[in-house]
Amino acid sequence: MEEYDYEELVKATENYSPKRLVGKGSHGSVYKGTVKDNKLVAIKKPTYSSEVVHDNSKLDNEIRVLLSLRENPHVINLLGTSHDSANNKKLLVMELMPNGSLHDLLHVCTTPPTWPKRVEIAIRVARAVQFLHEGKPLVIHRDIKSANILFDSNWNAKLADFGLAVLQSDDQVSQLPAGTIGYLDPCYTTPSKLSTKNDVFSFGVVLLEIISGRKAIDMCRTPASIVDWAVPLIGELRVHEICDTRIALLPTYMEATMRRMLCIAARCVSSNEELRPSIGEITRVIENHGVVQRVRFPIWMSFLRSVILMRRQRKLARRWQARCATQQGEVHTHISTSGKLLLKEVLAEQYI
Ligand SMILES: Nc1ncnc2c1ncn2[C@@H]1O[C@H](COP(=O)(O)OP(=O)(O)OP(=O)(O)O)[C@@H](O)[C@H]1O
């Protein structure tokens, strides 16, 4: 991790120019900056409510938690920090995620993600949370939401914003419940209720959001909460009514995947914490049943397969023909029809 010169970073953002702004949260703004070796990075500047006393607590916490983590492909990478000690101002430097957030992809973009892309995003976020919950030290993120899932230049999703995260070793009594409405676990009402199950609840909300394309809270709909809307529908297995209607109808080969993902999401948002699965179980379910890509064969392979299947079908037909010839005169036509049917069935099984 690098310690950057504060003035150098201010210059890299062209003095926090609006054209360099890539995102704004409730506690800070993130700017795109060019540092040494022409490297593009994201620079996070806290919002200081007072000109005199600068509250760096959320940024300090984010730096502390990110420093305690090993590098992981599903979690935002901390590159460095900077401190203007004369004015007690701090900056955080991290990898730039140039393709925006999952929130924007689902609710702002005009081209919503495809079904396989949605499954891939769900797997990546689940792996990120699993890394936090099963790692040493154990980390509870406390602010899992679509706005904190960002895309790198290859459209790989990564979990960001560790400002509210808590380490297992922290004094948990002093941690007042925190998070974002719509994603916040309703059971998390006192510091003593802090647990990994709080993140599991928020992950469940994100999973429902990914599948339905609905916002966690949408005041224009009844019920406004995605959980209140989706859970009864999942109970009745009305999968197609939950799936995002802005894109092509859910293909048959993905129906089972979506059903399983919705069932696990319903368990994640259960009001009974005991019924919620661990992130390990969630990751296993989504990975094992997530058909990320329909298997496609190259044209030459498809042709070869057709020839082999055709030959096999002819051989089969000849054998039947020989066996039945003595019994029926009209058998030839019948066999060739059933042979074609057989071929179609085999092909259907291989490709669907
Ligand atoms: N590394 C990054 N690369 C590109 N954009 C980023 C990066 N980190 C954050 N952003 C953008 O900046 C926004 C605000 O960042 P962040 O969520 O970390 O701030 P915050 O003040 O902690 O937000 P919150 O309101 O959730 O507390 C994000 O929603 C995202 O759009």
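Atoms within a ligand are numbered from 1 in the order they appear, just like the ligands themselves.
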### Query
In terms of residue, atom name and distance, what is the protein heavy atom nearest to atom 2 (C) of ligand 1?
Ala42 CB, 3.6 Å
#### Entry: Any Lys58 heavy atom less than 4.0 Å from ligand 1
yes
### Task
Working to the nearest 0.5 Å, report the span between CG of Asp185 and SG of Cys268.
11.0 Å
### Task
Could you name the option among Lys44, Met97, Lys24 that has the heavy atom nearest to atom 16 (P) of ligand 1?
Lys44
### Query
Can you find a non-hydrogen atom of Lys32 under 4.0 Å from ligand 1?
no
### Query
To the nearest 0.5 Å, what is the distance between CG (Asn88) and NE2 (His83)?
4.5 Å
## Note on the structure
of all protein heavy atoms, closest to atom 1 (N) of ligand 1 is Glu95 O, 2.9 Å
### Task
Select one of side chain, backbone, both or neither to describe which atoms of Ile76 lie under 4.0 Å from any atom of ligand 1, heavy atoms only.
side chain
### Task
Specify the protein heavy atom at minimum distance from atom 7 (C) of ligand 1: its residue, its atom name, and the distance to 0.1 Å.
Leu150 CD1, 3.4 Å
### Message
Could you check, using the six-membered ring where one of them is a Trp, whether Phe162 and His141 have ring centers closer than 6.0 angstrom?
### Response
yes
### Task
Would you mind checking which non-hydrogen protein atom is closest to atom 15 (O) of ligand 1, with the distance to 0.1 Å?
Val30 CG2, 3.7 Å
### Summary
One finds that the ligand 1 atoms under 4.0 Å from a non-hydrogen atom of Asp143 are 26 (O)
### Query
Which is closest to atom 28 (C) of ligand 1 by heavy-atom distance: Ala147, Ser101, Ala160?
Ala147
#### Entry: atom 21 (O) of ligand 1 [closest protein heavy-atom partner, distance rounded to 0.1 Å]
His27 N, 2.8 Å
### Query
Taking atom 12 (O) of ligand 1 as the point of reference, which of Ser26, Gly23, Gly25 owns the nearest heavy atom?
Gly23
### Query
Considering only the protein, which heavy-atom contact is closest to atom 5 (N) of ligand 1, and what is its distance?
Val22 CG2, 3.6 Å
### Message
I'd like to know if the side chain of Arg118 reaches the main chain of Ile210, judged simply by a donor and an acceptor atom lying under 3.5 Å from each other, with no hydrogens or angles considered.
### Response
yes
